[in-house]
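First comes the structure, then the notes that go with it.
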Amino acid sequence: MLDTAATAHDVALPDFYGIRALLTEEERQVQDLVGRWVDEKVLPIIGECFEKERFPDELIPEMAEMGLFGPTFEDYGCAGLSNVAYGLIMQELERGDSGLRSFASVQSGLVMYPIHRYGSDEQKQQWLPDMAKARAIGCFGLTEPDGGSDPGTMKTHAKRDGDDWIINGAKMWITNGTIADVAVVWAMTEQGVRGFLVEKEMDGYTTRDIHHKMSLRASTTSELFFDNVRVPERNRLPLAEGLGAPLGCLTQARYGIAWGGLGSAIACYRESLEFARQRVLFGQALIHKQAIQLRLAEMVRRITTGQLLVVQLGRLKDQDAIHHTQVSLAKWNNVRLGLDIARDARDLLGAGGISVECCPIRHALNLESVITYEGTETIHQLIVGREITGVAAF
Ligand code: TGC
Ligand code: FAD
């Protein structure tokens, strides 16, 4: 981790229930380090990146230097942090922009995790040290053009041919697709779903960026195409068998997103509070108006309940006592509160709120993606519904 001299306790605000006291010293240091970096390096440039549809890839080496990729792993050059520290990293990154958190989520939760969890020793040695240092970038291909909510019906398939597999199909809406050195690709085989490491220079593998997005504009989103791509058996993840394998990866990324939604919410709340202190209307600053106080209090109520939820979730994850339906509830709750707060903050800022110079419109637009990817809000409601009723209603 980078050395940090200054403490930046304001990165932890609002903290209405003293959440900071529930963190270890190391977790507080991690939050301060990443929060200060976001303030100094991300916030000054991110509005322009969003406007110009540019992912700020110049920030990747600094993120790697701070140990933000695969931070919970204890080997392969990773930092061995707690899951709460990992969550705080995701919160601070998303306080900057959902695009940065997306990049980190994919690299850590959707590429390093499956290689670490389902990969061979050779695959781990080949990829994990380089991915921790961002010398290699990854992407995760599950969603297809015909629909993402029901990945069990994927059309991309892999057929065994001697010592190789031949992959055909397409993946869509893939974060980091065109910038990735390796894609974790999920394909149907005669034995069920299997995972493959497709390397960018393999014949028949092509990628293309998706443009004209009004959301996550500071993030690379791509299509992946597989035209008779020959992948050696040594590139198949040996321990990944069945749909549960990619869904297990989603649990990791959804956990980080539950913290990330809070980051967006906190950024929008802070800008609203500051604006309400400054803006004088009808002879008084807006903070004197009951209706404004109600809205700010409502934001803090939502943020506080979301904070308590993810701290407990993180502690359960540290004890390996987490159930994926608990992660679904947290992703649903915290992205929903982030989106509601961002939309309300946009309105509270008046006309200025439609400018990218204020953060709420950017966060609100970003969260329109975040509420859809990694399982739509409806899918998470149905996952929790199935858990409490025992009836699948998908
Ligand atoms: P289902 O029968 O429920 O499950 C099959 C097997 O998997 C197990 N399982 C899970 N394991 C770990 N974590 C989870 N979250 C799991 N969910 C299910 C399950 O226990 C079962 O195991 P077994 O041993 O009994 O076979 O499967 P289903 O076909 O009924 O599907 C259920 C459903 C709808 C919940 C699932 O398909 C789903 O989650 N759909 C949403 C798909 C989704 O979230 N896609 C995300 C793509 S990646 C992405 O969006 C990246 S954005 C990245 C960024 O930029 O940040
Ligand atoms: P669909 O599955 O077609 O759903 C359409 C609508 O139907 C939704 O409102 C949904 O809630 C609703 N619905 C679905 N099933 C039911 C049901 N049973 N009952 C009631 N309503 C239902 N995917 C990856 O694999 N890797 C990535 O890196 C990745 N990055 C992404 C980045 C961005 C910016 C975006 C926007 C998406 C990304 N995705 C990625 C894809 C994402 O996971 C999918 O968009 C998501 O899973 C939903 O799939 P879909 O868009 O095909 O919607």
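Counting convention: from 1, in listed order, for ligands and their atoms alike.
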Task: Y113 vs F140 side-chain heavy atoms within contact, under 4.5 Å - done: no
- [ ] Report yes if the side chains of L23 and L88 come closer than 4.5 Å at any heavy-atom pair, otherwise no.
- [x]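 Heavy-atom side-chain distance check passes, below 4.5 Å.
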Task: ligand 2 contact on E374 by region, counting heavy-atom pairs under 4.0 Å - done: backbone
Open item on the list: Can you tell me which portion of L110 lies within the under-4.0 Å heavy-atom range of ligand 2? Options are side chain, backbone, both, or neither.
Closed with: neither
As a test of the contact definition, would [atom] count as having a protein heavy-atom neighbour under 4.0 Å?
atom                    : answer
atom 23 (P) of ligand 1 : no
atom 38 (C) of ligand 2 : yes
atom 26 (O) of ligand 1 : no
atom 21 (N) of ligand 2 : yes

Consider every N or O of [X] and every N or O of ligand 2, then say whether any pair is closer than 3.5 Å.
X    : result
I379 : no
A393 : no
T376 : yes
G141 : no
W173 : yes
S149 : yes

Indicate yes or no: does [X] engage [Y] in a salt bridge with an N to O separation below 4.0 Å.
X    : Y    : answer
R362 : E48  : no
E122 : R234 : no
R230 : D203 : no

Quick one: does [X] get an N or O within less than 3.5 Å of an N or O on ligand 1?
X    : value
T143 : no
L247 : yes
R254 : yes
G375 : yes
T175 : yes

Could you list the atoms of ligand 1 found under 4.0 angstrom from a heavy atom of [X]?
X    : value
V106 : 53 (C), 54 (C), 55 (O)
G244 : 6 (C), 7 (O)
G248 : 12 (C), 13 (N)
L243 : 27 (O), 29 (O)
G148 : 42 (C)
R386 : 3 (O), 30 (O)
R101 : 56 (O)
T251 : 12 (C), 13 (N), 14 (C), 15 (N)

Check [X] against ligand 1 and report side chain, backbone, both or neither, counting heavy atoms closer than 4.0 Å.
X    : answer
F103 : neither
S149 : backbone
T376 : neither

Tell me: protein heavy atom nearest [atom], and distance?
atom                    : answer
atom 35 (C) of ligand 2 : Y373 CD2, 3.8 Å
atom 3 (O) of ligand 2  : G147 CA, 4.2 Å
atom 26 (N) of ligand 2 : F140 O, 2.9 Å
atom 20 (O) of ligand 1 : H324 NE2, 4.4 Å
atom 28 (O) of ligand 2 : T175 N, 3.0 Å

[options]: member with heavy atom nearest to [atom]:
atom                    : options                : result
atom 41 (C) of ligand 2 : T143, I210, N176, L216 : T143
atom 35 (C) of ligand 1 : I383, L142, I174, L250 : I383
atom 52 (S) of ligand 1 : W186, Y373, W173       : Y373

TODO: Any chance you could lay out the side-chain hydrogen bond (donor to acceptor under 3.5 Å, both in side chains) test for N333 and H380, step after step, and finish with the verdict?
DONE: CA-CA 10 Å; N333 188 73; H380 289 294; over 6 Å; no
Would you say [X] contacts ligand 1, with heavy atoms under 4.0 Å as the rule?
X    : value
A253 : no
L110 : yes
P151 : yes

Check the orientation of [X] and [Y]. Use parallel for under 30°, tilted for 30 to 60°, and perpendicular for over 60°.
X   : Y    : result
Y86 : Y255 : parallel
F55 : F103 : parallel
Y76 : H116 : perpendicular

- [ ] Would you confirm whether the ring centroid of F196 sits within less than 6.0 angstrom of the ring centroid of F226?
- [x] no
Task: Quiz item: cation-pi between K289 and F282, 6.0 Å / 45° - done: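 Not flagged: K289 not positioned over aromatic ring of F282.
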Would you find more than 12 non-hydrogen atoms of other residues, nucleotides or ligands less than 6.0 Å from [X] atom [atom1]?
X    : atom1 : value
Q293 : CD    : yes
E25  : CD    : yes
I354 : CD1   : no

